[in-house]
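Everything on this sheet refers to the single structure shown next.
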Amino acid sequence: MPVYHGRDAFLPITNRLSAELKVILWTVCSLKDLHISRFELWSDCGTMITALDQPEKWPLYRSVLDQIIQVMSSFHSCCFKASSFQANTIARDIARSMTIEG
């Protein structure tokens, strides 16, 4: 269950991986600002999790991956886990309602 929720500005992003990584960067920065020291983040984007686990294989996204890794070093414990598309429907419904209702 999400305890904190927010939405950043909508930016023009060319593909899903870029969008997912920007969201992860915003999320870890926000968790740091909230003084959360441990977290577990789930995503249905397996490519994003792979990029975080093996950033050297994703040179196109090096800048944002380096930023994420730098912020992650400030946490006592953090991990990223894969979830199925179906398991993430509640979060998707919340996001959809935010974009529809403004």
Side-chain angles (χ1 to χ4, degrees):
M1 170 167 89
V3 178
Y4 301 102
H5 176 72
R7 182 157 307 270
D8 206 353
F10 291 97
L11 302 173
I13 295 182
T14 57
N15 60 52
R16 179 172 181 192
L17 182 56
S18 292
E20 293 280 345
L21 290 172
K22 289 288 187 180
V23 167
I24 294 302
L25 178 58
W26 178 84
T27 301
V28 295
C29 287
S30 296
L31 290 170
K32 181 181 176 187
D33 291 345
L34 291 167
H35 304 287
I36 304 295
S37 62
R38 294 176 169 81
F39 71 88
E40 191 174 281
L41 197 143
W42 292 71
S43 174
D44 63 6
C45 183
T47 306
M48 183 267 305
I49 294 171
T50 302
L52 288 166
D53 287 340
Q54 302 169 339
E56 68 281 355
K57 294 185 178 183
W58 299 86
L60 182 62
Y61 303 99
R62 181 182 178 127
S63 175
V64 69
L65 286 167
D66 285 347
Q67 291 175 55
I68 293 168
I69 290 165
Q70 180 181 1
V71 176
M72 285 174 50
S73 69
S74 66
F75 295 101
H76 291 132
S77 173
C78 58
C79 66
F80 296 91
K81 296 187 178 186
S83 68
S84 69
F85 182 83
Q86 293 79 13
N88 212 9
T89 56
I90 293 173
R92 194 169 291 102
D93 289 345
I94 292 170
R96 189 174 300 119
S97 74
M98 294 297 292
T99 57
I100 291 171
E101 297 169 13

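In terms of hydrophobic clustering, with Ile, Leu, Val, Met, Phe, Trp and Tyr side chains grouped at heavy-atom distances under 4.5 Å, Val64 and Leu41 are assigned to a common cluster. When hydrophobic clusters are built by joining Ile, Leu, Val, Met, Phe, Trp and Tyr residues whose side-chain heavy atoms come closer than 4.5 Å, directly or via intermediates, Ile24 is grouped together with Leu34. Criterion: ILVMFWY side-chain heavy atoms under 4.5 Å apart, direct or through other members. Under it, Phe80 and Tyr61 are part of a common hydrophobic cluster. Put simply, Leu65 and Leu25 are part of the same group of oily side chains (I, L, V, M, F, W, Y) that touch within less than 4.5 Å, one to the next.
Taking all atoms of both residues into account, the shortest heavy-atom contact from Ser83 to Trp42 is CB-CE3, 3.8 Å. For the pair Leu17 and Met48, the tightest heavy-atom approach, listed with the atom from each and the gap, is CD1-CA, 3.5 Å. When every heavy atom of Ile49 is checked against every heavy atom of Ser43, the shortest pair comes out as CD1-O, 4.0 Å. Minimum heavy-atom separation, Cys29 to Val71: SG-CG2, 3.9 Å. Residues Ile68 and Leu21 share a closest heavy-atom pair of CD1-O, 3.5 Å. Between Thr47 and Trp58, the shortest heavy-atom distance links the atoms CG2-CH2, 3.4 Å.
Interatomic distance, CD of Gln70 versus NZ of Lys32, reported as 7.5 Å (0.5 Å rounding). Rounded to the nearest 0.5 angstrom, Leu60 CG and Ser63 OG are separated by 10.5 Å. In this structure, Leu52 CG and Cys79 SG are separated by 11.5 Å, a value rounded to the nearest 0.5 Å. Within the model, atoms OG of Ser30 and CZ of Phe39 stand 11.0 Å from one another, a figure rounded to the nearest 0.5 Å.
With sequence neighbours excluded, the residues that form a salt bridge (Lys or Arg N to Asp or Glu O under 4.0 Å) with Arg62 are Asp66. Every residue meeting the side-chain hydrogen bond (donor to acceptor under 3.5 Å, both in side chains) condition with Ser18, not counting sequence neighbours, appears here in chain and number order: Asn15. Residues that satisfy the salt bridge (Lys or Arg N to Asp or Glu O under 4.0 Å) test with Glu40, not counting sequence neighbours, are Lys81.
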Go through the steps to decide whether Phe75 and Leu31 satisfy the test side chain to side chain contact (heavy atoms under 4.5 Å, CB included), and finish with yes or no. CA-CA 9 Å; Phe75 295 101; Leu31 290 170; 4.0 Å; yes
